[in-house]
Protein chains: 2
Amino acid sequence: MMPIKSEGRQKIQMARMEKASNLLVTFSKRRCGLFIYASEFSILCGVEIAIIVFFSGKKVFSFGHHQYVEMIVDSFFTKKQSC
Amino acid sequence: MMPIKSEGRQKIQMARMEKASNLLVTFSKRRCGLFIYASEFSILCGVEIAIIVFFSGKKVFSFGHHQYVEMIVDSFFTKKQSC
DNA sequence: TTATCTATTATTAGTCC
DNA sequence: TGGACTAATAATAGATA
């Protein structure tokens, strides 16, 4: 079979993604993207950054090690993940 | 005088920027970039995001409207700015 | 500090595994 | 869920105003 050639990055509308499968993929990619971006920002400019992402009201993903963030994240008793 | 033509985006080392003037410009740009990225992520994936940036131990920039973030930011009694 | 400009780098949508 | 792929989009370093 001929492999399907990628058409590369596509322009998307700035609205909630409708297809659940696409949304989940984009969620994973952009969560990593956000944390990587924050990490670079932190290194380049010597700033402390705390990020909390609330997904579906269940999952919590955190970035940074600020005491307040830890407090908040812990208070949710949810699984923590990071990039 | 001939205008100096831009050489476009340059590759930079992933380390704290040494020149204070460059650091400040990059700080402003990337703070906006971070918040814009977070805003897009939030819209695309329907997630709530809270971000706090601590700069020089003085300035606090926040993104998101989560109650805990407001609480934390307020506790610093510092000027709030955003993009 | 912030906005504009531009060539260049960085990210990623869609897809398959 | 997570990694690889690839062309296209998006962000931005450095200079300037």
**Message:** A side-chain contact here means heavy atoms from C-beta on lying under 4.5 Å apart; do A:V53 and A:F27 qualify?
**Reply:** yes
**Request:** Examine distances only and state if a side-chain atom of B:T26 and a backbone atom of B:N22 form a donor-acceptor pair shorter than 3.5 Å.
**Result:** yes
**Request:** Decide yes or no, distance alone: a donor-acceptor N/O pair under 3.5 angstrom between the base of D:dA11 and the side-chain of B:R9.
**Result:** yes
**Fill in**
B:E40 atom CD is separated from D:dT9 atom P, nearest whole Å, by 15 Å
**Gap between atoms CZ and P, on B:F41 and C:dT11 respectively (whole Å)** = 15 Å
**Complete:** Atom CD of B:Q10 and atom P of D:dT16 are separated, to the nearest Å, by 13 Å
**Request:** Respond yes when some side-chain nitrogen or oxygen of A:S28 is under 4.0 Å from OP1 or OP2 of D:dG2, and no when none is.
**Result:** yes
**Request:** Report yes if some heavy atom in the side chain of A:I49 is under 4.5 Å from a heavy atom in the side chain of A:F41; otherwise report no.
**Result:** yes
**Complete:** 5'-most contact on DNA chain D (nearest-nucleotide basis), B:Y37 vs A:V25, goes to A:V25
**Message:** Under 4.0 Å from OP1 or OP2 of C:dG14: is there any side-chain N or O of A:N22 that close?
**Reply:** yes
**Asked** Can you hop from B:L34 to B:F55 via hydrophobic side chains spaced under 4.5 Å?
**Response** yes
**Asked** Taking OP1 and OP2 of C:dA13, is either one under 4.0 Å from a side-chain nitrogen or oxygen of A:R30?
**Response** yes
**Request:** Would you state whether a donor and an acceptor, one from the side chain of B:S6 and one from the base of D:dG14, lie under 3.5 Å apart?
**Result:** yes
**Item:** Nucleotide D:dT9, atom P - distance to CD1 of B:I36 in whole Å
**Value:** 19 Å
**Whole-Å distance separating the NZ atom of A:K11 from the P atom of C:dG14** = 13 Å
**Fill in**
A correct dot-bracket answer for DNA chain C, with pairs being Watson-Crick or G-U at under 3.5 Å, [ ] for crossing pairs and | for inter-strand pairs, is .||||||||||||||||
**Item:** Nearest-angstrom distance from the residue atom CD1 of B:I12 to P of D:dA11
**Value:** 16 Å
**Asked** Which residue, B:E7 or B:L44, contacts DNA chain C at a nucleotide closer to its 5' end, judged by nearest heavy atom?
**Response** B:E7
**Message:** Can you say whether a donor on the side chain of A:K29 sits under 3.5 Å from an acceptor on the base of C:dA13, or the other way round?
**Reply:** yes
**Whole angstrom value for the distance that separates P of C:dA13 from CD of A:Q13** = 14 Å
**Asked** Tell me, do B:I51 and B:F35 make a side-chain contact under 4.5 Å, heavy atoms counted?
**Response** yes
**Message:** If I compare all heavy atoms of B:L44 with all of A:L23, which pair ends up nearest, and what's the gap?
**Reply:** O-CD1, 4.0 Å
**Request:** Name all residues meeting the side chain to side chain donor-acceptor pair (under 3.5 Å) criterion together with A:E40; count only those two or more places apart in sequence or in a different chain, and write none if there are none.
**Result:** B:R30
**Nearest-Å distance for atom pair CG/C1', residues B:L24 and D:dG14** = 15 Å
